[in-house]
Chemist: 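So that we are looking at the same thing, I have put the structure below in structure tokens.
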Amino acid sequence: MDRIRIVGGHPLRGTIAIGGAKNAALPLMTAALLTEETLRLTNLPHLADIVTMANLLAQHGVELHLNGEATAATGRVLDLNAANITNLTAPYDLVRKMRASVLVLGPLLARYGSCRVSLPGGCAIGTRPVDLHLKAMEALGAEITLDEGYINAKIKDSLNGRLKGGTIIFPMVTVGGTENALMAAALADGVTTIVNAAQEPEITDLAQCLIAMGAQITGIGTNCLKVTGVERLHGADYAVVPDRIETGTYAIAAAITRGDVELTGVRPDTMTAVLKTLTETGVEVIEGETTIRIKADGAEIRGIDVMTEPHPGFPTDMQAQFMALMATANGASMITETIFENRFMHVPELTRMGARINVHGSSAIVRGMPRLSGAPVMATDLRASVSLVLAGLAAHGETIVNRIYHLDRGYERLEDKLAACGAHIERLRD
Ligand SMILES: CC(=O)N[C@H]1[C@@H](OP(=O)(O)OP(=O)(O)OC[C@H]2O[C@@H](n3ccc(=O)[nH]c3=O)[C@H](O)[C@@H]2O)O[C@H](CO)[C@@H](O)[C@@H]1O
Ligand SMILES: C=C(OP(=O)(O)O)C(=O)O
């Protein structure tokens, strides 16, 4: 299994181009199931999760074509055509690899009237049930049963093959639940109101793509979405929003090495909380329209408190990376995780690198220190893995990060992008 070797202590300087967002691209790919016409996605990142989603859609019968070479301007261009769906089952083998697979539920149900989707199960960061996705489908007229680890969903016989608009009230904010609800409601008969909807930029991206496909959606960017269902959707050409988590991760790479890096092809307006937090630590953040420069050379990074929250709050997907930065700060920091019940799996590994962190329930107290020390480490999820890479960039000596298939789920050419800015980092292929 490949590993990453880092020799830390080199301030990053240079420019890093940011790709399309994994967490926007995955639901956008499933939106292709809503129409028999072609959906063209541009600025698609090249990631293991995108390949998993492509395999899942292909086994449903979606035709996928990658067009030409990826360029900085367009990323990858992928055409998806769901004119000939042959199989309405999302199998366990693919769903267990990636929880976002459950996003085929809403589109398949709405367009074909029934489907069978494996339950995703828990993962390293929490139990992550999908009960709210299922309740949302029921609110639109679906009958749901569970058997043998699968969700069986079908539109009630009385509805003549078309979901019916209704009111969905989410008791807690769910990104995936909102995405499934939006896609199902887009083809339902009548008006659907989604109350306490997630407001993440990836939801806005999905809503805008659905509008480009002919959907009628208002309230975009708020916590109340209104969808007036249409009988059919058509094809579209849509560019995936830049990845705010990849952007934030490299911003922290610049800060933790006390470097100076410009991030290009970004959307600063989608990451206000992260940029404000970085500024509070003492990093200089210079925002352009599509660029962010992180100047941390000579900066004295202060320890500050952070709590993860649904958007527009500080994202849980940046919590591990921020903890690595706080481990090198001057002073203490309290980091509270409110979204997932088990998202501190990076703490023991950061501790092995000399970080001083104590966890009390959903909060971690981090006492910063001038220098971490390199060590062999291993992580159990995507953002935990990258937090160890960040710590390695700042640490004295050699760090080997094991199990890097997690990183390949969400970061395209991570080691190349960092090495181009002066990091001493390489992939060791086994
Ligand atoms: C592919 C993708 O976009 N993944 C993101 C998405 O995950 P995902 O969509 O899975 O996350 P959710 O927003 O649904 O989860 C938020 C919380 O709600 C709970 N919950 C969710 C659904 C449900 O039916 N029942 C329930 O109890 C979850 O266990 C969790 O505690 O949003 C998370 C929160 O921003 C991010 O960390 C993930 O990177
Ligand atoms: C938790 C993440 O992804 P997923 O929801 O696919 O597990 C993530 O992107 O940090």
Side-chain angles (χ1 to χ4, degrees), residues 20-30 45 47-50 52-53 56 94-106 117 119-139 144 146 151 168-183 196-206 223 240-241 243-249 270-271 273-274 308-322 337-343 345-346 362 379-387 405-412:
K22 160 178 94 73
N23 288 349
L26 295 171
L28 289 172
M29 288 172 76
T30 67
L47 300 168
D49 274 11
I50 300 293
T52 304
M53 183 59 87
L56 176 64
L94 287 166
V95 178
R96 86 183 154 80
K97 275 193 182 171
M98 186 187 65
R99 298 182 47 82
S101 308
V102 79
L103 295 174
V104 300
L105 175 68
V117 178
L119 280 160
C123 74
I125 62 177
T127 48
R128 304 183 75 177
V130 290
D131 54 323
L132 303 177
H133 299 236
L134 305 186
K135 288 205 175 89
M137 297 303 113
E138 284 171 341
I144 307 276
L146 302 180
I151 304 159
I168 298 168
I169 303 175
F170 283 118
M172 64 197 286
V173 176
T174 160
V175 172
T178 303
E179 290 165 346
N180 253 330
L182 254 182
M183 291 190 277
N196 199 23
Q199 301 174 64
E200 269 64 8
E202 294 75 23
I203 303 282
T204 297
D205 215 37
L206 175 63
N223 66 359
V240 180
V241 69
D243 196 320
R244 64 195 167 102
I245 307 301
E246 188 192 21
T247 310
T249 301
T270 61
M271 45 189 304
V274 168
T308 64
E309 286 171 311
H311 194 79
F314 190 94
T316 173
D317 292 350
M318 284 299 302
Q319 181 257 108
Q321 301 91 311
F322 189 73
E337 171 61 51
T338 72
I339 308 293
F340 293 107
E341 70 272 18
N342 189 25
R343 211 173 191 181
M345 300 295 279
H346 39 288
S362 60
T380 43
D381 75 272
L382 168 56
R383 310 301 169 186
S385 304
V386 88
S387 78
Y405 59 83
H406 291 296
L407 285 172
D408 294 332
R409 284 189 49 214
Y411 292 92
E412 183 171 349

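Whatever order the structure lists them in is the order used to number ligands and atoms, beginning at 1.
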Chemist: Any idea which heavy atoms bring Arg343 and Gln319 closest together, and the distance?
Modeler: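 Taking Arg343 first and Gln319 second, the nearest heavy atoms are O-NE2, 2.9 Å.
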Chemist: Would you check if the side chain of Asn196 reaches a backbone N or O of Phe170 as a donor-acceptor pair within less than 3.5 Å?
Modeler: yes
Chemist: Arg343 heavy atoms, cut-off 4.0 Å: which ligand 2 atoms fall inside?
Modeler: 1 (C), 10 (O)
Chemist: How far is atom 34 (C) of ligand 1 from its nearest protein heavy atom, and which residue and atom name does that atom have?
Modeler: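 Closest protein heavy atom to atom 34 (C) of ligand 1: Thr316 CG2, 3.9 Å.
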Chemist: Given that the side chain starts at C-beta and the backbone is N, CA, C, O, which of these parts of Asp381 lies under 4.0 Å from ligand 2, counting heavy atoms, or is it both or neither?
Modeler: neither
Chemist: Side chain, backbone, both or neither: which part of His311 comes within less than 4.0 Å of ligand 1 when only heavy atoms are counted?
Modeler: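 No part of His311 is near ligand 1 at this cut-off.
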Chemist: What residue and atom, counting heavy atoms only, is the protein's closest point to atom 1 (C) of ligand 1, and at what distance?
Modeler: Asn23 OD1, 3.2 Å
Chemist: Does ligand 1 have a heavy atom under 4.0 Å from the side chain of Asp131, from its backbone, from both, or from neither?
Modeler: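 It is both parts that get close, each with some atom under 4.0 Å.
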Chemist: I'd like to know if Met318 contacts ligand 1, where contact means a heavy-atom distance under 4.0 Å to any ligand atom.
Modeler: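 It does not, in that no heavy atom of Met318 comes within the 4.0 Å cut-off of ligand 1.
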Chemist: Ignoring hydrogens and angles, tell me if any N or O in the side chain of Glu341 forms a donor-acceptor pair with the backbone of Thr127 under 3.5 Å.
Modeler: yes
Chemist: Check the side chains of Glu202 and His311 for a donor-acceptor pair under 3.5 angstrom, ignoring hydrogens and angles.
Modeler: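 The answer is no; no qualifying pair exists.
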Chemist: Measuring from atom OG1 of Thr52 to atom CZ of Arg96, what distance do you get when rounded to the nearest 0.5 angstrom?
Modeler: 10.5 Å
Chemist: Which residue and non-hydrogen atom of the protein lie closest to atom 18 (O) of ligand 1, and at what distance in Å?
Modeler: Met172 CE, 3.3 Å
Chemist: Tell me whether Asp408 contacts the main-chain N or O of Leu47 through its side chain, where contact means a donor paired with an acceptor under 3.5 Å.
Modeler: no
Chemist: Among protein heavy atoms, which sits nearest to atom 7 (O) of ligand 1, and what does the distance come to when rounded to 0.1 Å?
Modeler: Arg128 NH2, 3.2 Å
Chemist: Begin with the C-alpha distance, continue with both residues' side-chain angles, and end with the deciding distance and a verdict on side-chain hydrogen bond (donor to acceptor under 3.5 Å, both in side chains) for Thr338 and Glu309.
Modeler: CA-CA 6 Å; Thr338 72; Glu309 286 171 311; over 6 Å; no
Chemist: Write out the residue and atom name of the closest protein heavy atom to atom 28 (C) of ligand 1, then the distance separating them to 0.1 Å.
Modeler: Phe340 CE2, 4.2 Å
Chemist: Nearest to atom 5 (O) of ligand 2, what protein heavy atom do you find, and at what distance?
Modeler: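 Ranking protein heavy atoms by distance from atom 5 (O) of ligand 2, first comes Arg128 NH2, 2.7 Å.
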Chemist: Would you name the heavy atoms of Asn23 and Arg383 that are closest together and state the gap between them?
Modeler: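 In terms of heavy atoms, the two residues are closest at ND2-NH2, 4.4 Å.
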Chemist: Can you tell me if Arg383 has a non-hydrogen atom under 4.0 Å from ligand 2?
Modeler: yes
Chemist: Can a non-hydrogen atom of Pro129 be found less than 4.0 Å from any atom of ligand 1?
Modeler: yes
Chemist: Considering heavy atoms of the protein only, find what lies nearest to atom 39 (O) of ligand 1 and give residue, atom and distance to 0.1 Å.
Modeler: Asp317 OD2, 2.6 Å
Chemist: Is any side-chain N of the basic residue among Asp317 and Lys22 closer than 4.0 Å to the acidic one's carboxylate O?
Modeler: no
Chemist: Residue-level breakdown please: for Lys22 versus ligand 2, do any non-hydrogen atoms fall below 4.0 Å on the side chain, on the backbone, on both, or on neither?
Modeler: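 It is the side chain that gets close, since no backbone atom is under 4.0 Å.
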Chemist: Kindly give the heavy-atom pair with the smallest separation between Arg128 and Phe340, and that separation in Å.
Modeler: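 Shortest heavy-atom contact: NE-CE2, 3.5 Å.
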Chemist: Looking at Ala139 and Ile168, what are the two nearest heavy atoms and their distance?
Modeler: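 Taking every non-hydrogen atom into account, CB-CG1, 3.9 Å.
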Chemist: Going by the atom numbers of ligand 1, which of them fall below 4.0 Å from some non-hydrogen atom of Val130?
Modeler: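 In order of numbering, the contacting atoms are 23 (C), 24 (O).
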Chemist: Heavy-atom distance to atom 6 (O) of ligand 2: which of Lys97, Arg99, Arg409, His406 wins?
Modeler: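 Checking each option, the heavy atom nearest atom 6 (O) of ligand 2 is found in Arg409.
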Chemist: Distance to 0.1 Å, residue and atom name: give those for the protein heavy atom nearest to atom 24 (O) of ligand 1.
Modeler: Leu132 N, 2.7 Å
Chemist: Are a donor atom and an acceptor atom from the side chains of Gln321 and Thr249 found within less than 3.5 Å of each other?
Modeler: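 Per modelled atom types, Gln321 and Thr249 side chains form a pair under 3.5 Å.
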Chemist: Between Thr30 (side chain only) and Val104 (backbone N and O only), is there a donor and an acceptor less than 3.5 Å apart?
Modeler: no
Chemist: So which protein heavy atom does atom 9 (O) of ligand 1 come closest to, and at what separation?
Modeler: Gly176 N, 2.8 Å
Chemist: If we count only N and O atoms by modelled type, under 3.5 Å, do the side chains of Asp381 and His406 hold a donor and an acceptor together?
Modeler: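 Not at all, the side chains of Asp381 and His406 share no donor-acceptor pair under 3.5 Å.
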Chemist: Do Asp49 and ligand 2 have an N or O pair less than 3.5 Å apart?
Modeler: no
Chemist: Test of understanding: given a 4.0 Å heavy-atom threshold, classify the contact between Ile339 and ligand 1 as side chain, backbone, both, or neither.
Modeler: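 Both backbone and side chain.
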Chemist: Between Arg343 and ligand 1, find which residue part has any heavy-atom pair under 4.0 Å and reply side chain, backbone, both or neither.
Modeler: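 The part of Arg343 near ligand 1 is the side chain, not the backbone.
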Chemist: From the options Ile125, Asp49, Val175, Val173, select the one whose nearest heavy atom is closest to atom 6 (C) of ligand 1.
Modeler: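 It is Val175 that holds the nearest heavy atom.
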Chemist: With the threshold set at under 4.0 angstrom, would you say His133 reaches ligand 1 through any of its heavy atoms?
Modeler: yes
